[in-house]
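So the structure is just underneath, and the comments pick up after that.
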Amino acid sequence: MSTLLRARNHCVFTVFSVTVFSEEGSPMTAFKPADLSMLLWEGPPSMRPTVATELKYKNPVENERKDCYEFRDEEIPTCVGEYTVEFSLQTNKKEDHLSHQISVTVVANEPIKLQPDYHQQTPVVFYCTDIANRILVENMTLKITDQFGNSAGQNLDGTVFISIKCPKEERNRSLPLFDGKTNTISIKLKEGSVLINSLAIMENSPGDNGSRYILHFKPEVTNPPTSLSPFELPFNFYNDAENQQKKIQLMKKKDELTEALKECNKNFDTIRKQNDFLKNKVEGSTRKEVSLRKELNERGIKTEHPLSIEDSKKCLDQKKSEVERIEKMPRRIFSIHKKFSGPDVLGMVGELAFVADEDVARVISWLLQGDMDCVITTTTTAAQKIYDDTQGNQQVMALDSILVQQRDRPLPHIQNCQELFKPSGNPTFARKHLIYRDKQLSCDRNNLIKVFKNLLGDTIVMDDLFAATNYRKALVEKHIQCPTILTREGERVSNRGKFGGAQNRAPSIDKLKVFGAPLPDSYEELKKQIDVLHQYCAAVEEIEKAKKDLSHYCPKWVDEMQNEKTQIDVITKELEEINKQLASVSVRAGKRASGNSEESPGTASKRQRRRCMDQPGSFSEMN
């Protein structure tokens, strides 16, 4: 599977819903959520990094469905390239026991600005004739990029206009001119990129000594998708040849130290975030353990203090043993083992429900004896296929051909929510004795209700024949229709009033195809306890692992953070010293020749040196 995404700030992937299927195609739940993980790395699946720090790792959040797990809020990478998302199930400490991978290609977002392909130091130029000291930029490539610096203008052509301006707060200055005595230079932009081989100010250029100016690169393209921001590069202008070299060296050193300080702060912040991540993981796992322990107490597993991994696993094993014991206990089962399967096949009538009461199971199974092996499908097409495959020997019934009343009517002796008389024998609808196990049957509960409403109708179950006949008699006296009545003793009173005889008496249960008996209520509670215990074991293991990682890495990170802090202090002091030196360097504000002077460079240079010797120096602090 491959996905194409755009780089966006604070933009997250869609929610990944993950279900693990067995070889038979059924969802699996017999593993701890902590065993399931999502990993993200840059590169194709074949280039999976082995270093943990190169992988983004995440555990799932459980869905309300017990067989579905969700991964949320994972940020999309901002750097273009090919990435791989992998969902991995690790059990018994075997990596990649099961895995599924998705290839993700991140492409550039909308073009938004012009910027150089690498960081540019602040240029320093001055009033002179030597070209080496008048160069602003050299061999600089500018590209149109998105907000993250990814190249995004490959289909854009146009022009880059270069000019010099003052900072916003200082408007009234004379501006330096470019070589050729011009204030604007234009360069062709092709496929979103432009190479500037060399850009210099003119000989003996105008400009105020010790001032900072802005080199402004404005891109103009045909039909831009968005307005493109210009690139601006500050530079310093001087007319004092004596101090110029010293200024250049100090500024270069300042730029280098500033970049080093940024890197130290970045490293310090990265280490701090790693440390905070593990601390938060310990705290989050602890909160989860407390919540799960509270749920265990509510489900009858009493514990005031956190359980160790050994104790929680021991408790889990005990509950599993109880479940196995219950499952192995003899109980009534539906005796037909012929299976019909498919996406639209629900199963045979006799396997779609359980009946707990032995006597009720006997009479309902007897009433539906001719329907117990009928296969229920959701569509007529599926029913027709089974009919054809069995040469018409298998009886079938499709849900889309069944029409039953959706609203449940009350028992016939109840009218307008009031009893017309007080019956004996505990009358109940037969269908109310059916127990549907949604977890064991992959079909919708409403469909099962529809099936048995159609088969049983309003058939009633009562304690004995005496109560049944009296109930029917009382209804007839009030001119109310009475449905078929079954008794727990095995008798039947038909909806026409007929009873007695062998044909209205159920045989013994061992001679019938009978509904199975459900597992005891304690079984379902045990299954829920086991589910919570699985989560609890995973939470305890997660706490121990997080604490172990924290204790292992914390001393190392403390040392690294101290080293970075020491380095930051050293660099900060060096920067303070350089700023003092920059402030103390004398800048001789000599009077320069104008940009259109006809004097020879040598004459202008000599005259400038004489003026510099005659005039007092001035001081200027560099920004």
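Any value given below was found using the heavy atoms of this structure, including those in side chains, with hydrogens, waters and symmetry copies removed.
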Using 0.5 Å steps for rounding, measure from the CD1 atom of Ile201 to the CG atom of Leu136. 6.5 Å
Euclidean distance, Gln154 CD relative to Lys143 NZ, rounded to 0.5 Å: 8.5 Å
Gap between atom CG of Asn563 and atom SG of Cys264 - 0.5 Å precision: 10.0 Å
For Lys165, which residues count as a side chain to side chain contact (heavy atoms under 4.5 Å, CB included) partner, sequence neighbours excluded? Ile214, His216, Glu232
Under the salt bridge (Lys or Arg N to Asp or Glu O under 4.0 Å) test, residues paired with Glu295 that sit two or more places apart: Arg299
For Ile112 against Gln147, the heavy-atom pair lying closest together: CG2-N, 3.3 Å
Output yes when a side-chain donor or acceptor of Ser285 lies under 3.5 Å from a complementary backbone atom of Val282, and no otherwise. no
Residues Lys273 and Asp269 bridged, charged N to O under 4.0 Å: yes
Let's go through Val106 and Cys79 carefully: what are the C-alpha distance in whole Å and the side-chain angles of both, what is the deciding distance for side-chain contact (heavy atoms from CB on, under 4.5 Å) to 0.1 Å, and is it a yes or a no? CA-CA 7 Å; Val106 178; Cys79 184; over 6 Å; no
How close do Ser163 and Thr184 get, counting heavy atoms only, and between which atoms? CB-OG1, 4.4 Å
Side chain to side chain contact (heavy atoms under 4.5 Å, CB included) against Glu544, all qualifying residues, sequence neighbours excluded: Ile309, Val540
Could you state the interatomic distance from OH (Tyr83) to CH2 (Trp41), rounded to the nearest 0.5 Å? 13.5 Å
State, with a plain yes or no, whether a side-chain heavy atom of Phe217 is found less than 4.5 Å away from one of Val194. no
Shortest non-hydrogen contact from Leu233 toward Gln121: CD1-O, 4.1 Å
Asp146 (side chain) donor-acceptor with Asn109 (main chain) under 3.5 angstrom: yes
Identify the residue among Ile196, Leu195, Leu142 that makes a side chain to side chain contact (heavy atoms under 4.5 Å, CB included) with Ile187. Ile196
Whether the side chain of Asp255 engages the backbone of Thr122 through a donor-acceptor N/O pair (distance < 3.5 Å, no angle test) should be reported. yes
Mind checking side chain to side chain donor-acceptor pair (under 3.5 Å) for Thr378 and listing every partner two or more places apart, or none if nothing turns up? Asp344
Residues which pass side chain to side chain contact (heavy atoms under 4.5 Å, CB included) with Lys314, listed by chain and number, not counting sequence neighbours: Gln318
What pair of heavy atoms forms the shortest contact from Val85 to Met38, and how long is it? CG1-CE, 3.9 Å
Report yes if the side chains of Thr303 and Asn297 come closer than 4.5 Å at any heavy-atom pair, otherwise no. yes
With no hydrogens and no angle check, is any side-chain donor or acceptor of Ser198 less than 3.5 Å from a backbone partner on Glu138? no
Report the C-alpha distance between Thr129 and Asn204 in whole Å, list the side-chain angles of each, state the deciding distance to 0.1 Å, and finish with yes or no for side-chain contact (heavy atoms from CB on, under 4.5 Å). CA-CA 6 Å; Thr129 58; Asn204 304 322; 3.9 Å; yes
Taking all heavy atoms of Ile135 and all of Val125, pick out the closest pair and write down the distance. O-CG1, 3.4 Å
Rounded to the nearest 0.5 Å, what separation is found between the OG1 atom of Thr270 and the NZ atom of Lys266? 6.5 Å
Would you call Val221 and Leu189 a side-chain contact if the rule is heavy atoms closer than 4.5 Å? yes
Should Gln274 and Trp557 count as side-chain neighbours, where that means a heavy-atom distance under 4.5 Å? yes
Could you tell me the separation between the CD atom of Gln535 and the CG atom of Leu296, rounded to the nearest 0.5 Å? 9.0 Å
Under the side chain to side chain contact (heavy atoms under 4.5 Å, CB included) test, which residues partner Glu259, sequence neighbours left out? His119, Lys262
With sequence neighbours left out, what residues match Asp569 under side chain to side chain donor-acceptor pair (under 3.5 Å)? Lys565
Begin with the C-alpha distance, continue with both residues' side-chain angles, and end with the deciding distance and a verdict on side-chain contact (heavy atoms from CB on, under 4.5 Å) for Lys113 and Thr145. CA-CA 6 Å; Lys113 60 184 177 180; Thr145 69; 3.5 Å; yes
For a 4.5 angstrom cut-off between non-hydrogen side-chain atoms, does Cys315 reach Tyr536? no
Counting only heavy atoms not in Lys218, do more than 12 fall under 6.0 Å of its NZ? yes
If the condition is side chain to side chain donor-acceptor pair (under 3.5 Å), which residues does Asn275 pass it with, not counting sequence neighbours? none
Side-chain touch Lys320/Leu316, heavy atoms, less than 4.5 angstrom: yes
Show the numbers, then the answer: is there a ring pair (Phe, Tyr, Trp, His ring centres under 6.0 Å) between Phe71 and Phe16? CA-CA 5 Å; Phe71 294 86; Phe16 291 107; 7.5 Å; no
Those residues at least two apart in sequence (or on a different chain) that pass salt bridge (Lys or Arg N to Asp or Glu O under 4.0 Å) with Lys313 are Glu541
Begin with the C-alpha distance, continue with both residues' side-chain angles, and end with the deciding distance and a verdict on side-chain hydrogen bond (donor to acceptor under 3.5 Å, both in side chains) for Ser174 and Asp208. CA-CA 6 Å; Ser174 61; Asp208 290 346; 3.2 Å; yes
For the student: nearest non-hydrogen atoms of Asp179 and Glu203, plus distance: OD1-N, 4.3 Å
Residue pair Phe178 / Leu215, side-chain heavy-atom distance below 4.5 Å: yes
Applying side-chain contact (heavy atoms from CB on, under 4.5 Å) to Asp549 and Lys281, what does each step give before you reach the verdict? CA-CA 10 Å; Asp549 288 344; Lys281 195 169 184 180; 5.8 Å; no
Could you tell me which residues satisfy side chain to side chain donor-acceptor pair (under 3.5 Å) with Arg287, sequence neighbours excluded, listed by chain and number? none
Could you pull out all residues at least two apart from Glu289 that satisfy salt bridge (Lys or Arg N to Asp or Glu O under 4.0 Å)? Arg293
Residues at least two apart in sequence or cross-chain that pass salt bridge (Lys or Arg N to Asp or Glu O under 4.0 Å) with Glu577, listed by chain then number, are none
Close side-chain approach of Thr159 to Lys188, heavy-atom, < 4.5 Å: yes
For the pair Asn265 (side chain) and Leu261 (backbone), establish whether a donor and an acceptor sit closer than 3.5 Å, ignoring hydrogens and angles. yes
Counting only heavy atoms not in Phe161, do more than 12 fall under 6.0 Å of its CZ? yes
